[in-house]
Amino acid sequence: MGPELALGLPAAGAVLAAVLRRRPALALLCGGLLGLAGALMMALLAYPAAQASLLGLSLPAAPRGLLLVSALALGLVVALAPPQADRVGLLAAGLAGLAGLAAVAAAPDVLAVGVVVALLAAGHAALPGRLPFPTRMRAPGLAVALLLAGALLQHAGDAPVFARLSALALVLALVAAAGLVPFLPELDPAEPASASPVAWTGFFGPALAVALVARIQPGLGNDGAPVYGALLVGLGVLNLAWGTLGAWLGEGDVAAWRYSFLADWGLALVGLGVLVPDGQAAAYLVLASVLLVRFPLYLWARPVLLGRAQPAMGPSNVLLAAALAGAAPFAGFSVRVLLLRAATEVYWPLALVLGLGMLVWLAHSFRLARTLGAPRGRAAVGVVLALGFSVLLGVAPATFLTLGGL
Amino acid sequence: MTVLAIAAVVIAWLGGAFLVLSDARRGVALGVALYAIGLAATLYNIPPAALALGLAGLGAAALRLRDGPPRWGTLPPGSTPRLLLCVVSGVLAAFAGASILAGPGPAPVRIVILLGGAMGAARLLSTLRREAALASTTVMTLALGAAAAVAGDRAAPTVVAAAALAAVLLGVLPAAETKARGA
Amino acid sequence: MPPGLQLALPALVLGGAALVVWFAGAGGLRIGRPLVAASAWLALASLCLVWFAARGSVELAGPQLLPGARFTLRLDAVSFAFGLCVLLPAALLLTFQRRGWRESGAAALTTAAALLATLAGGILTTSLFWGTAATLLLVQLRADHERATEVYWPALVGGWLALVWAGVALDITSGTAVYTAVPVTAMTSAIFLLVAAAALLGSGLLPWRPWTSEMWDRPRLYVGSLAVAVLFPIGFYLLVRAYAAGGGRWPSPWLNATLAVAGALVALAAAARAQAAPTRRAFLAEAVPGLGGFALLAFALGTPTGITAGVLTVLTASVLAALLPLLPETGSPLLAAILVVLVAGAPPAATFGARALTVEAGIEVGDGWAFLGVAAALAWLLTFAGGARALRLPVRGRGGEPGGSAAGAGLAAGILLAGGAGLGVVISRICVPATAEVIGVPPGSIGGGSAAVLTTAGAWAAVALGLPLLLLAVVPALAGRRAPAAGVAADSPPPLLTAPWTDRPARFGRRLAALRVPDEYRSLFNPRAIEAAMGRGQPLLWALLLIALAVAVNR
């Protein structure tokens, strides 16, 4: 019953939080407790992959690890949300998302992932927002279609062409679901954070990607693996370049933040695509840093991004700039070591390309750090915690990697 | 393919066509209903899946009648490209499902799954109407459930049930947009 | 106690002091500066104690941080020498420069990180601590003033990335990135080039104006000077360790030649900039880069004398890096003359001994290397010319705030003079053991007596050369003491060599930034239009994309 509880408890928490909306303290308490219980269930009672539950659900280690990290990120974000933010709404939406992610992680195959993504996408697109529902549904909807195509092609026959096309479809599904280039969804800077496509890139995407990869990789075969790897690496480099240049030169700080997520994802995709353990570990750490560092910082930057607070460049902002730039001793250190190592093992010119991208990365980090303004109160605590997580990821990543079975 | 199978495929295609060509609640609902019926008919040799997906599709279609623009809205002005899309999708899905793909399941199911995926995705990517987008997603979800049913994996019943439930839940979502509040 | 834990003691002292200072400061107790100063001297003392008590190398093996990156510390003659290069100037600066309690704590932590970079036993551990030190310094630099980090940060990050890449490449090739465990054949030319890039960028060893000079553009010198003091030696540390990893040599003679030429170029370029400096501060800004060029040349020679000269030069540059910002910026001509002489390198100062030994090492190797020695000598002469001109320059430019400490400058100058006088001791106790750690030192090739340097060409002592010079200087000084002092000229005296190339990098950068896609092709490169197309998600566009990819993957 482990995976079912891991899924059901956050879902129940989301429902309760939504129902008790008019009594915020109670909503936060009930939702928080159920979310915490769900996270504990994920940590303690998940089945090993070999033994699925009665419903055929199982939580492999890597997705389970990121699911826990997602739960931690949600707790951080809700507990330390800026004063004007709707914390109950954030908690309800977040718990619903977490339940969806748990379902994705526990899904027995790609088709099941598609069903959950469809529901998750529709639920997210239905949240009050500035862009119409169909616009917000496009990228994840395409991901669902591609998952269907990929799964069909997996069972289509033994010819190598089916394996290759299946790998193509599934990789593109992953990219579309995370809202990356070339399936970049439209972004309205004033869109609420919970309804924005950045939520896919920064919150849903990481656990979804790892869960999808865990389901895709075993079925690739000799014909599909090269296509899978090459596509991921190619799209990774594309997103790295697009993200770093866009964050540096693009107009608007909200767009700059979105591009910075693309850059992180670029590294993650390359790590997933090189198909060596160091690459997988690097991708895992990047995605963990997106959840625990970049996404929360983006939320705490919202007051400045929306013009409700002033940007600033104090010492804490400089430290944040260094963390966002991937400097030592922050998360970027371990990611860069592992990724450069993986790239050098596979094909050294790739390491050169990555190195150049990492250097261009510097250009936008101060711009983003400025938008955190002068953090006060809960935001200041949040910034300290985010930096702390970043340092942990940088110098003691073994904890997170063990959590993910890597 | 038997006459029943061909009829089921044609009905499913008609459903997809109504989904693509309609801009109002009745047309969209009919599209979902026809697709669900056609899909269930092709799954006749897996009765639980056929029942679950068929009933879920019909339920979602009924729920789509609650709200959205009134009447049919089928073949509005400027829908020639969409008509062409329906024809091309039908031909390509039939060709691919019958001749190119060797699995999963029998050819009629494959064709109907391809129809649902292609026409649902095409409608979702091109519409700005919420009810059409929800209906398209419902159709794709039903197609996912059908694919799981014919793939025959150990967890297929769970996936089929999940797809059916998801289809109904998608039908529950209202067609009216809600305004943003807060950041 | 785990074996080797004493190695961590100096860093722990500094780190502990930082924590105490911050907590005390937050509680209203302002003990930052004295505590941090004391901790720096204590760290220096403990480093010396641990080294001299150990009578050999000591290692501390820690946990595995990442694949190929085990936390290891190693104290041997090389890390002791470079540890001194970090701690000695840091102790001087932390004692005699004015800092608030927050800045003092940050400075102590930075020094600890830089020290650990020199004590690290492997490339990746070095990169972790080096990067950490650079990050901490960035925060301090930007907190003090926004200016003059445009070159610093990209250079340090670029160097750090190159080092990380070298480390992982070495680990893949040989199974380890620990300096003393790497097989000789693993250090290939490609990997060495990465290490060299890290060293050149990290220590500011470039023919154009490096970040170490840029630090002098800031209004206040206390943060930039610490950056130079603690980061400058680390690049050279990497080059020395590369000798150890290569079994006493670099992977290819052409690498030695290239870096030697680079060293000579750096020294010449720094001297040329120095003699064209608009202010005395700008002249002093080129002192450390100039000595850096000498050190790079010396290390690149690849001989025992060369490496010894290199270590000596880095040591000297470190003390100079502390002396220069502590100089009281007064108009006193006598004081100015003495200090310029120390900077330019006149006996008996260590700045003379280091340069002289480098030139001698170059000439000793012979062939083309001797020309490089001559080039270095030329740079030296040019520095003297610049120094003479600097006496008549305004002390600092617009916006520069006065700083300095007479006591600190006096102590640092005293160390330089004492080092020069006792050059033989410094060479025999610090430099030669470090050299012997990485390369065989044949008997009689290089050594030191109490004052004299012993080389194959013979023995010489800076003191012996210095005394006649001192007399030569004292006599006219006494004779001319009633004459009016030559003060700062109303117009700066013209430089010996004009440097039209100095603004080239800035002009190149401006030209690069002004590049635009021609109007007629702009629509092809319009990212916004491409993004809008992506966002609209037209089925035809994505269907075409899918078909194109499907064809591509099946080719």
Side-chain angles (χ1 to χ4, degrees), chain A residues 52 54-57 82 84-86 89-90 103 107-109 111-112 114-116 118-119 121-123 125-135 137-138 140-142 144-149 151-159 161-162 188 190-195 302-303 305-306 308, chain B residues 96-97 100-105 110 113-114 116-118 120-134 136-138 140-141 143-148 150-167 169-170 173-175 177-183:
Chain A
L54 284 172
L55 294 178
L57 306 181
Q84 311 96 320
D86 174 16
L90 212 52
D109 58 21
L111 290 164
V115 170
V116 179
L119 202 52
L127 290 173
R130 291 168 62 96
L131 290 172
F133 176 93
T135 306
M137 197 54 206
R138 260 180 214 139
L142 183 63
V144 172
L146 287 166
L147 284 170
L148 175 63
L152 274 179
L153 287 162
Q154 267 181 339
H155 294 96
D158 295 326
V161 65
F162 294 132
D188 184 332
E191 184 107 65
S194 52
R302 293 285 295 175
L305 293 173
L306 295 171
R308 294 182 197 151
Chain B
I100 298 180
L101 303 181
R110 292 199 295 269
I113 292 171
L114 284 170
R123 182 63 172 154
L124 179 62
L125 294 176
S126 56
T127 187
L128 282 173
R129 296 186 178 281
R130 182 163 161 143
E131 67 282 355
L134 282 165
S136 308
T137 313
T138 304
M140 284 199 291
T141 308
L144 283 165
V150 293
D153 294 333
R154 189 172 156 256
T158 310
V159 182
V160 170
L165 180 63
L169 288 173
L170 287 165
L173 287 172
E177 297 276 5
T178 40
K179 292 272 184 225
R181 149 176 87 104

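Naming convention: chains lettered A, B, ... in sequence-line order (proteins, then strands); numbering from 1 in each chain.
The structure places CE of A:M137 at 12.5 Å from OG1 of B:T127, a figure rounded to the nearest 0.5 Å. Remark: A:L142 CG to B:M140 CE distance equals 8.5 Å, nearest 0.5 Å.
For B:L101 against A:A156, the heavy-atom pair with the smallest separation is CD2-CB, 3.5 Å. Listed here is the closest heavy atom pair of A:L148 and B:A147: CD1-CB, 4.0 Å. Residues B:G117 and A:A145 come closest through the heavy atom pair O-CB, 4.4 Å. Of all heavy-atom pairs between A:A118 and B:L170, the closest is O-CD2, 4.4 Å. Here the closest non-hydrogen pair linking B:L128 and A:P132 is CD2-CG, 4.3 Å. Across every non-hydrogen atom of A:F133 and B:L134, the tightest pair is CZ-CD2, 3.4 Å.
For chain A, the nearby parts of B:L144 are the backbone and the side chain; heavy atoms of each come within less than 4.5 Å. With a 4.5 angstrom heavy-atom cutoff, B:I113 touches chain A via backbone and side-chain atoms both. Neither the backbone nor the side chain of A:L146 comes within less than 4.5 Å of any heavy atom of chain B. Contacts of A:A126 with chain B are made by both backbone and side-chain atoms, with heavy-atom separations under 4.5 Å. Interface remark: B:R129 contributes backbone atoms only to the contact with chain A (heavy atom separation under 4.5 Å).
A heavy-atom distance below 4.5 Å is not found between the side chains of A:P134 and B:R123. Between A:P108 and B:R154 the shortest side-chain heavy-atom distance does not fall below 4.5 Å.
Across B:T141, B:T158, B:V160, a single residue satisfies side-chain contact (heavy atoms from CB on, under 4.5 Å) together with A:V115, and that is B:T141.
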B:T137 vs A:L119, side chain to side chain contact (heavy atoms under 4.5 Å, CB included): CA-CA, chis, key distance, verdict: CA-CA 9 Å; B:T137 313; A:L119 202 52; over 6 Å; no
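In terms of heavy-atom pairs under 4.5 angstrom with chain B, the leader among A:V161, A:L90, A:D109, A:T135 is A:D109.
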